[in-house]
Structures are given as structure tokens and as C-alpha cells.
Protein chains: 2
Amino acid sequence: MADEDLGALFGRVVRRLMHAEQPVLREHGVSMWAYAALSSLAERPATSQVALAKAIGYDKTRLIALLDELAREGLVVREPDPADRRAHVVRLTPAGKARHAAIRAGIHAVEAELLGPLSAAEQRAFRAMLTRLASS
Amino acid sequence: MADEDLGALFGRVVRRLMHAEQPVLREHGVSMWAYAALSSLAERPATSQVALAKAIGYDKTRLIALLDELAREGLVVREPDPADRRAHVVRLTPAGKARHAAIRAGIHAVEAELLGPLSAAEQRAFRAMLTRLASS
DNA sequence: TATTGTTATACTCTATAACTATA
DNA sequence: TATAGTTATAGAGTATAACAATA
């Protein structure tokens with residue numbers, strides 16, 4: 001057990017998290033990437049599709065089919081940007097906002113269970129440090 | 001920034017870690033999974049290939065080609081288990097041990113840099129909590 | 001019957017290049 | 001010349017089923 005690599009530790013935790021989240025996502029009929037897109041758009045609309053792709057760390061070419069699907073379900077809309085007619089502003093519809101909120105509730109329950117082994121204070125500290133590592 | 005999902009935070013950190021580790025792995029001519037296998041075998045030999053696959057969270061059918069490659073390079077050996085003639089014990093050769101130690105040094109340098117934003121005490125606390133989350 | 005190592009196959013992801021329309 | 005959105009294609013990664021040998 002002597003000093004395991006960070007990569008191995010992260011791998012195990014992330015695999016466990018993804019496994020626990022999958023039933024929630026499937027229940028709401030969305031993929032992990034679809035949820036990532038909905039989350040980003042819930043925070044703020046995207047000024048372009050490339051901007052959205054970058055925000056969630058996804059490929060711009062794969063984002064297209066994803067947005068097609070979300071648009072078909074009426075969860076997002078693509079509006080041409082009057083200022084730059086190449087670009088599409090992407091935003092959530094009311095249905096998209098509602099869907100995101102519902103999924104997010106389920107996801108948060110799963111997260112709480114994953115962090116269960118830590119005390120409340122530890123959970124706050126862990127989250128804070130992880131946030132710093134993610135945005136440094 | 002309000003209370004981002006754990007999944008998004010982990011995703012960003014892990015992506016950054018993998019990106020930083022890639023040059024180290026490439027320099028030593030191994031894939032991420034090869035390094036995971038070497039690390040597990042450095043800890044202790046595997047009693048069977050399925051055991052190794054489970055230990056590193058990999059698929060047993062994909063592990064075969066990986067071990068073929070590592071064996072071709074003389075880093076691991078597969079020995080038939082006298083007690084169970086279906087199973088192969090997998091262990092590192094001296095060359096495998098040396099290769100693993102060399103890669104590990106590079107990986108640890110990358111990890112130290114990733115954790116740089118945290119103080120030494122925070123790094124210890126973070127690692128300890130991550131270990132608890134990984135093994136609970 | 002179940003399990004180990006293996007192969008084969010189908011499927012999903014992912015990366016790359018190229019095209020169009022704008023800028 | 002560069003960028004946004006898009007499409008097509010090739011390659012890598014993944015999952016599944018099946019098989020022979022052994023338990």
C-alpha cells in the first residue's frame with residue numbers, strides 16, 4: 001500500500017464515481033457528456049459551440065451530434081449570433097433547465113454517498129483543495 | 001463557480017494529470033495501462049492474469065496483448081502456476097523492476113508539480129483523504 | 001459447472017483532415 | 001489568413017461472446 005501513485009488513486013475514485021452516477025444518468029436518458037454540457041449551460045449560455053466544447057473539455061466535432069440530440073429533445077437551442085454570423089449561441093430551454101436540475105439532484109446524492117467516509121469538515125476541505133487543483 | 005460537481009472537478013484534475021504524465025510515459029515507451037500493470041506487479045506478483053486485470057481495473061481480454069508486449073520487451077514473465085495449471089503467475093523481471101523505478105521517478109516529479117498549489121501539510125491531507133475514498 | 005487464458009467480432013469512442021461560410 | 005460549424009473517415013479503445021484446457 002506504500003505511497004500509491006496519484007494516478008492510480010484518482011483512477012479508482014473516478015471509476016467508482018462514474019459507476020455510481022451511471023444509473024442516475026440513464027434514468028434521465030442522458031450521457032455523461034450531455035450532463036456536462038447541460039451543467040455548463042446552466043451556469044451560463046455559451047457564446048459559441050467551440051467555447052462550450054472548451055468549457056467542458058470535449059471535442060468540438062463530437063459536440064455537434066450531442067447538441068443535435070439535446071436540441072431534438074428540446075433541452076437546448078442554437079441561435080445564430082447577430083454579431084458574428086459564423087457562431088451559434090447555445091442556451092438551455094426551460095425544459096433543459098428543469099432536466100438539468102432534476103439530474104443534478106440525483107448526482108449530488110451520489111456524490112454525498114461517495115464522500116461519506118469523510119467528516120463534514122473533511123469534505124469541505126477536500127472539495128476546496130480539489131477546486132484549487134482544478135483551476136490552478 | 002457555485003459548487004461545481006465533483007465529476008467536473010475530478011475530470012479537470014485527472015485530464016491535467018494525464019496530460020502532464022504523457023511525455024514521461026512516452027519517453028519510456030509505455031502506455032498508461034502498461035505503467036499501471038508494472039506498478040501493480042512491482043508491489044507484488046500477480047497470481048493470475050485475471051487477478052492482475054482486476055487489480056488495475058482493466059479488462060482481462062485487453063490485458064493479454066499488453067502482457068504480450070511487456071513480455072516481448074523482457075519486462076515481465078508469465079510462469080504457469082504448478083498448483084493450477086490454467087493460471088499464469090505474472091512477475092516483473094529485473095529489467096521490469098528497473099524500468100518501473102525509472103518511470104515512477106518521472107511520474108512522481110509530475111505529481112509533485114500538480115500538487116504544487118497545496119502546502120506540504122495540505123498535500124498529505126489530500127493524499128490521505130483520496131486514499132480513503134479509493135479504498136472504502 | 002465454473003474458471004483461466006485466449007481469439008474474434010462488433011461497437012463505441014476519439015483524432016484528424018477537409019470543406020463552407022463567414023470574419 | 002483565420003475561425004465557427006460541419007462532415008467524413010480512419011484509428012484506438014472497449015465490450016461481448018465463444019472456445020480449449022483445466023478445476
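Throughout, protein chains are lettered first and strands after them, A, B, ... in sequence-line order, and every chain is numbered starting at 1. This one's a predicted model, so the numbers in the text were calculated from it and none came from an experiment.
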### Message
Rounded to whole Å, please give me the gap between CD1 in B/Ile56 and P in D/dG13.
### Response
14 Å
### Query
Should we say atom CD of B/Glu69 is surrounded by more than 12 heavy atoms from elsewhere, each under 6.0 Å from it?
yes
### Query
Linking I/L/V/M/F/W/Y whenever their side-chain heavy atoms sit closer than 4.5 Å, directly or via other members, would A/Val50 and A/Val76 fall into one cluster?
no
### Query
Which ones in residues 58-89 of chain B lie close to DNA chain C, meaning a heavy atom under 4.0 Å from one of its atoms?
B/Lys60, B/Thr61, B/Ile64, B/Arg78, B/Arg86, B/Ala87, B/His88
## Note on the structure
When every non-hydrogen atom of A/Ser39 is compared with those of B/Asp5, the smallest separation belongs to OG-OD2, 3.8 Å
### Task
Could you please spell out the steps behind the ring-ring contact (aromatic ring centres under 6.0 Å, His included) verdict for B/Tyr35 and B/His100?
CA-CA 7 Å; B/Tyr35 176 65; B/His100 172 256; 5.7 Å; yes
### Query
Hey, any chance A/Ile64 and A/Tyr58 share a hydrophobic cluster, counting ILVMFWY side chains that come within less than 4.5 Å of each other, even indirectly?
no
### Message
If you define the side chain from C-beta out and look only at heavy atoms, does anything of A/Gln123 sit under 4.5 Å from B/Met129?
### Response
no
#### Entry: Within residues 13-26 of chain B: residues closer than 4.0 Å to DNA chain C (heavy atoms)
none
### Query
Looking only at heavy atoms, which two atoms of B/Met32 and B/Leu25 are closest? And how far apart?
CA-CD1, 3.8 Å
### A/Phe126 and B/Phe10 aromatic ring geometry - parallel, tilted or perpendicular at 30°/60° bounds
tilted
### Summary
B/Trp33 atom CH2 is separated from D/dA12 atom C1', nearest whole Å, by 14 Å
### Message
So, does A/Gln49 get its side chain near the phosphate of D/dT3, meaning an N or O under 4.0 Å from OP1 or OP2?
### Response
no
